There are 2 protein chains.
Amino acid sequence: MYNLQSVVQRLEEEGLRITPSRLAVVAAVLDLSGHFSVDDILSQVPEVGRATVFRTMKLLSEMDVLCRVLLDDGSLRYRVSQRQDHHHHLVCVSCASVQELDACIDPEVLNELARTTGYEIEGHWLEFFGRCTACRSDSA
Amino acid sequence: MYNLQSVVQRLEEEGLRITPSRLAVVAAVLDLSGHFSVDDILSQVPEVGRATVFRTMKLLSEMDVLCRVLLDDGSLRYRVSQRQDHHHHLVCVSCASVQELDACIDPEVLNELARTTGYEIEGHWLEFFGRCTACRSDSA
DNA sequence: TAGATTATTGATACCAAGTATCAATTACAC
DNA sequence: GTGTAATTGATACTTGGTATCAATAATCTA
Ligand SMILES: [Mn+2]
Ligand SMILES: [Mn+2]
Ligand SMILES: [Zn+2]
Ligand SMILES: [Zn+2]
């Protein structure tokens, strides 16, 4: 979906400078499928400072180039986002492949929740875990 | 819901030893409402080693005395659990008060998800955020 | 009630994610 | 080409968490 050029364009649109460090991080990130940790990126761009890698990951997340994927143990990974709107993930616990989902909380459920609790609902986390077709046939 | 005696009994039932460190952590934990961090506990039991505090928190989580609460930024907190079955949380982003919820994913949605993705669904995270009645009237 | 046994402790050293600081550098607009 | 503001990266710090391991102590049993 994204390539280096399109991300560079996005950066320029945001008024951000195109630096070798940013280009290196973006290239490293675009090279990966599934989800990855900051360390995965750090080890692929040893010439870029640690803080800059973190800063760039954060930038890219805010620009919706990356999204954060919540794993079942509560840890967070990153992934190149296929879609820029609100969505959730289904993650294979065995191979890290990720599906981005249309499914969200039923608005009726949200209303009911607000009504019964008195809370004004502002947000939610919703992430699914399972085993993908490939991984299930591997272990069969 | 829980008191020191009942947790001690639970520990004994699990064949675990009753030690001063464990008692101190349990007492500190039972003293708190809402959600709390490991640091909150650490600072209340400075006489107990760091590793032991972590170990005890983990134990209590596995025994369903504590549950982990996911915040909107992706960080995890702990809380004394009111219920021992599968459940989710609604957290006030302003005062840390937590509601434990009956609401869960509609089984129909899960089936649909499994069917359309080919994944075998094994688990999920579902946590809600909002502002409780008290906090909303405070800022009004 | 004294051992023996085994779980538990806590000091220490790690690891990973992330932030704060700040002087040095550099991308880019003019 | 130059000025300036954005960016970098070294460093140090924070928080959550795990691994190691010798020393200690809770409990079982005789
Ligand atoms: Mn996504
Ligand atoms: Mn709970
Ligand atoms: Zn898989
Ligand atoms: Zn509140």
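Chain letters run A, B, ... following the sequence lines, proteins first and then strands; every chain starts at 1. Values in this document were obtained by computation on a predicted structure and should not be read as measured data.
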Notebook entry, point to check: Within this structure, what is the CZ-to-P distance between B:Arg22 and D:dA26, rounded to whole angstrom?
Noted result: 11 Å
Check: Just the endpoints, please: which first and last nucleotides of DNA chain C, 5' to 3', lie under 4.0 Å from a heavy atom of chain B?
Finding: C:dT6 to C:dA11
Next item on the list: Find the distance B:Asp40:CG to D:dT14:C1' and express it as a whole number of Å.
Entry: 14 Å
Margin query: Here's a test of your reading of the structure: between A:Ala51 and A:Phe54, which maps to the more 5' nucleotide of DNA chain C?
Written below: A:Phe54
Next item on the list: For the pair B:His88 and B:His124, name the ring-plane relationship: parallel under 30°, tilted 30 to 60°, perpendicular over 60°.
Entry: tilted
Item checked: For the student: nearest non-hydrogen atoms of A:Ser81 and A:Glu100, plus distance -> OG-OE2, 3.6 Å
Check: 5'-most contact on DNA chain D: A:Leu16 or B:Leu16, nearest heavy atom basis?
Finding: A:Leu16
Margin query: Regarding B:Arg50 and B:Asp39, does a basic nitrogen lie under 4.0 Å from an acidic carboxylate oxygen?
Written below: no
Notebook entry, point to check: Which part of the nucleic acid, if any, lies within contact of B:Ser37, taking any heavy atom under 4.0 Å across all strands shown: a base, the sugar-phosphate backbone alone, or nothing?
Noted result: sugar-phosphate
Check: Between A:Arg17 and A:Glu12, is there a side-chain N and carboxylate O pair less than 4.0 Å apart?
Finding: no
Next item on the list: Evaluate the side chain to side chain contact (heavy atoms under 4.5 Å, CB included) criterion for residues B:Asp106 and A:Asp106: first the C-alpha distance (whole Å), next the side-chain angles of each, then the deciding distance (0.1 Å), finally the verdict.
Entry: CA-CA 9 Å; B:Asp106 180 359; A:Asp106 181 359; over 6 Å; no
Checklist line | B:Leu126, B:Ile105, B:Thr117 screened by side chain to side chain contact (heavy atoms under 4.5 Å, CB included) with A:Phe128, the one that passes | finding: B:Ile105
